[in-house]
Number of protein chains: 2
Amino acid sequence: MSQATPKSEATRARIFAAALRVFRERGFHESTMREIATQAGVALGAAYYYFDSKDALVMAFYEEAQAQMAPALHRILAEGRSLEQRLRGLIGQKFEHFAPNRALMSALSAHIDPNHPLSPFSARTASIRDADIAFFARAVADSGVRLPASIQPYLPRLLWLYQMGLMLFWVYDSSPKQVRTHQLFDKTLHMLLFGLKIASVPLLRPLYRPAGELLKIVYGESAP
Amino acid sequence: MSQATPKSEATRARIFAAALRVFRERGFHESTMREIATQAGVALGAAYYYFDSKDALVMAFYEEAQAQMAPALHRILAEGRSLEQRLRGLIGQKFEHFAPNRALMSALSAHIDPNHPLSPFSARTASIRDADIAFFARAVADSGVRLPASIQPYLPRLLWLYQMGLMLFWVYDSSPKQVRTHQLFDKTLHMLLFGLKIASVPLLRPLYRPAGELLKIVYGESAP
DNA sequence: GTCTATATCGGGATAGAC
DNA sequence: GTCTATCCCGATATAGAC
């Protein structure tokens with residue numbers, strides 16, 4: 001997007017930092033590009049020179065977050081042994097990382113529309129999403145989880161979706177310190193692991209076929 | 001808000017109709033109040049006289065939809081005997097009713113934020129939501145479904161949530177005639193009914209307690 | 001009470017001067 | 001690369017016609 005001229009890189013960083021500051025204080029919607037520019041000590045036009053739109057600042061935020069979290073996520077996968085430890089670690093790390101910007105996140109989660117560039121399901125965010133799903137794939141990989149062949153390949157994507165649901169709940173969780181989310185996380189994680197454990201039980205056979213077909217439908221061509 | 005003077009009622013209706021027309025053509029975000037007013041043959045001020053904001057037009061759309069659908073939903077409940085028939089009927093009716101405005105709906109489903117007035121989870125839409133959930137309560141009422149006491153009371157709200165999830169998928173389903181949604185509906189409905197049937201099986205006991213606690217947490221005070 | 005006309009403001013985005 | 005000026009739009013407000 002822009003070459004790393006030290007000078008320009010510094011200006012860009014200053015604008016980005018100012019944006020995060022303003023977003024945190026005011027919330028996304030109430031923040032204005034004018035104020036961001038002022039806070040960064042540049043003119044409005046300069047802000048638009050570096051970031052095509054207010055949304056572009058958010059994309060930068062996403063990308064930075066992913067880059068910053070990656071080492072911690074790798075460490076968690078390496079250290080954790082059980083699927084439970086790993087999932088708890090991965091998802092917990094996200095909560096921790098995004099906590100300071102929870103207010104900002106809430107403005108963003110508004111974008112469920114897969115056609116909106118900022119949506120976690122959009123084409124624009126595909127690379128971020130795929131990299132993220134890959135972490136879940138690694139978490140499952142040598143965990144000994146066995147599912148019907150029609151379902152197994154979708155597990156990483158389903159776990160990612162589960163995480164997104166938790167994040168969505170978290171973002172709008174007004175309980176002190178978001179305890180409700182953490183309780184929800186705890187309970188659902190146990191239910192999930194129990195579900196995986198009993199998935200091969202004969203009683204549940206009638207669920208396999210429709211579940212497999214369903215996943216094929218949902219992940220048919222486009223990919224929420 | 002405004003008394004039913006025939007004259008004023010007609011103007012209001014004209015503006016409302018124009019808004020829906022413009023929304024359908026342009027999409028919600030791209031529609032302007034100026035164009036809606038022009039299309040309705042009134043001045044901008046008149047549009048704002050009847051509708052406080054662009055969002056108010058959407059609220060009116062929601063309310064009108066509910067009022068228009070109510071008779072059909074009652075009929076479906078009266079005619080249908082099994083839970084399956086009823087759920088299929090209720091949810092199918094929604095799809096049918098909203099089909100002409102699917103593009104508009106997609107712009108609206110962007111509002112997941114419970115704090116946003118237009119969100120299906122907001123305080124502002126509570127009465128619509130409650131009335132809607134009541135239909136699901138009636139669908140369950142004499143259907144013979146038996147769940148653990150810690151879960152049973154939440155069933156109508158969960159079914160409503162299930163419906164909202166389907167609608168969300170539908171709204172962004174780009175497959176021809178939204179076949180994918182209808183396949184998804186079919187499969188998940190069967191899985192759901194099977195799940196309800198086997199819910200009391202001893203094997204699944206370990207799921208009751210966390211599930212009950214979880215629902216208590218989620219529906220604790222605020223009510224998504 | 002119903003509506004027009006118009007002015008104003010804040011804010012996202014762009015064009016062109018420098 | 002950066003700034004100034006400008007446009008467009010949602011929203012609000014107001015004065016006044018009928």
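Keep in mind it's a predicted model, so treat the numbers as computed, not measured. Here is the naming used below: chain letters follow the sequence lines, and residue numbers restart at 1 for every chain.
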What integer distance in Å separates B:Ile15:CD1 from C:dT2:P?
-> 11 Å
What is the distance, rounded to the nearest whole Å, between atom CG of B:Asp52 and atom C1' of D:dG10?
-> 14 Å
Atom pair distance, as rounded to whole Å: CZ in B:Arg12 and C1' in C:dT2 | 14 Å
Could you give the CG-to-P distance, from B:Leu57 to D:dG10, as a whole number of Å?
-> 12 Å
State plainly whether the residues B:Lys94 and B:Asp132 are in salt-bridge range, i.e. N to O under 4.0 Å.
-> yes
Do B:Tyr162 and B:Thr188 get their side chains close enough for a donor-acceptor pair, meaning under 3.5 Å?
-> yes
Should B:Thr32 be listed as having a side-chain N or O under 4.0 Å from OP1 or OP2 of D:dC9?
-> no
Whole-Å distance, A:Tyr49 OH to D:dC3 C1', equals 13 Å
Anything under 30° is parallel, anything over 60° is perpendicular, the rest tilted; go ahead and classify A:Phe28 against A:Phe23.
-> tilted
When A:His29 and B:Arg14 are each assigned the nearest nucleotide of DNA chain C, the 5'-most assignment goes to B:Arg14
Show your working on side-chain contact (heavy atoms from CB on, under 4.5 Å) between A:Glu79 and A:Gln85 and close with a plain yes or no.
-> CA-CA 9 Å; A:Glu79 291 174 0; A:Gln85 281 177 322; over 6 Å; no
Using only side-chain N and O atoms of A:Thr5, determine if any of them is under 4.0 Å from OP1 or OP2 of D:dG1.
-> yes
Protein-nucleotide distance (B:Asp55, atom CG; D:dG10, atom P), rounded to Å | 12 Å
From the list D:dG10, D:dG1, C:dT2, which nucleotide is the closest neighbour of the side chain of A:Ser8?
-> D:dG1
Closest of D:dA11, C:dG12, C:dT2 to the A:Met33 side chain is C:dG12
In whole angstrom, what separates A:Glu9's CD from D:dG1's P?
-> 10 Å
A:Leu159 side chain reached by A:Leu90 side chain, heavy atoms, under 4.5 Å | no
Without hydrogens or angle criteria, can the side chains of A:Ser53 and A:Asp55 be said to hold a donor-acceptor pair below 3.5 Å?
-> no
Anything under 30° is parallel, anything over 60° is perpendicular, the rest tilted; go ahead and classify B:Trp170 against B:Phe95.
-> tilted
Neighbours of DNA chain D within residues 36-48 of chain A, by heavy-atom distance under 4.0 Å = A:Val42, A:Ala43, A:Gly45, A:Ala46
Could you please name the option among D:dG1, D:dG10, D:dT6 that lies closest to any side-chain atom of A:Arg34?
-> D:dT6
